[in-house]
Amino acid sequence: MGEHIRIIEVGPRDGLQNEPAQVPFEDRLRFIRDLVASGIRELEIGSFVRPDRVPRMADTDKIYDSMRTGGLDIGDAKAWSLVPNRSGLDRAVAAGAKNVALFTAATDSFARANIGMSIEHSIKEFDGILQQLRRSGSDFRVRGYVAVCFGCPFEGKVRPEQVLRVIEGLLKIGLDEISICDTIGVATPGQVDQLVVPALKLLGKTSLANHFHDTRGTALANALRAVELGVRALDSSAGGLGGCPFAPEAGGNLATEDLVYMLEGMGFETGIRLDRLCEAGLRISRKLKKRQLSKYLQAHHSECQTTRR
Ligand code: MG
């Protein structure tokens, strides 16, 4: 069997949050169920943000309720949730969340615009969150997103040294994993080299993930480069869900099915069944009335139509 690559499915959070249509609660549950049935072992199911600010993610608490009461069975899959600050943390802990994702950025402008804090302030906030989690005595896993690592809508090009400084700050407080994000989808593979090589030296293979967006069609090329350099964890979204708020017409997250197809074709092992994953992607795309499907999903969909004729 080939070497394993962890795929962290972010469709139910990063995907749905950035789609124009609101998905009813039952369809969110169905999407999660479908993804787990395809073999997804880690997925981000929601976020504990203010529902008045991010209405798409309201009721994340209720998803955890459903898991507790048996309405949603994800087996031994790992459910992640985004927690923006300490009040979000209180809700996450009350809901029973064990795998928590925190969010900061490589530029102060982007951090301020998104979480209302400077980078330094956000790292202090995370430190408080980690201490609170450790005091609770439960076993938590905490990952940190660093947004706009290659380019920022406010500050333009981002230098690798800027990102590495943020990573060093996060390492000091002891996160389990850091995900380097190309939030606005501007990176090209050469830039991946410049950042991922030193980031791997700092973090090692087990603590570094990459998160690419396909805004300019480079997500899969960047993922390939990251894997060649030794990255063994990638975030992606079924159906490529999740547009870019700074380029509303553009593509969204790296599509999980495109990624799985490429990796399995190269001999890596993901544990994900592509046919089932396509079912998940097509069903949620229909709910969203989304016509722009990921490349693999387009091919799968038109093949299904042809054989049915
Ligand atoms: Mg994303």
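First listed ligand is number 1; within each ligand, the first listed atom is number 1.
When rounded to 10 degrees, the angle formed at the Mg ion (ligand 1) by OD1 (N253) and NE2 (H211) equals 90°.
Between the side chain of R216 and the main chain of G185, a donor-acceptor pair closer than 3.5 Å is present. A distance-only check finds no donor-acceptor pair linking the side chain of E9 to the backbone of T256 [under 3.5 Å]. In terms of modelled atom types and a separation under 3.5 Å, the side chain of E19 and the main chain of G242 share a donor-acceptor contact.
Salt-bridge check for K172 with E168: failed, with every basic side-chain N at 4.0 Å or more from each acidic carboxylate O.
At least one N, O or S atom of H213 sits under 2.8 Å from the Mg ion (ligand 1). Taking backbone and side-chain atoms together, S237 has no N/O/S atom less than 2.8 Å away from the Mg ion (ligand 1).
Summary: OD2 is the N/O/S atom of D14 found nearest to the Mg ion (ligand 1).
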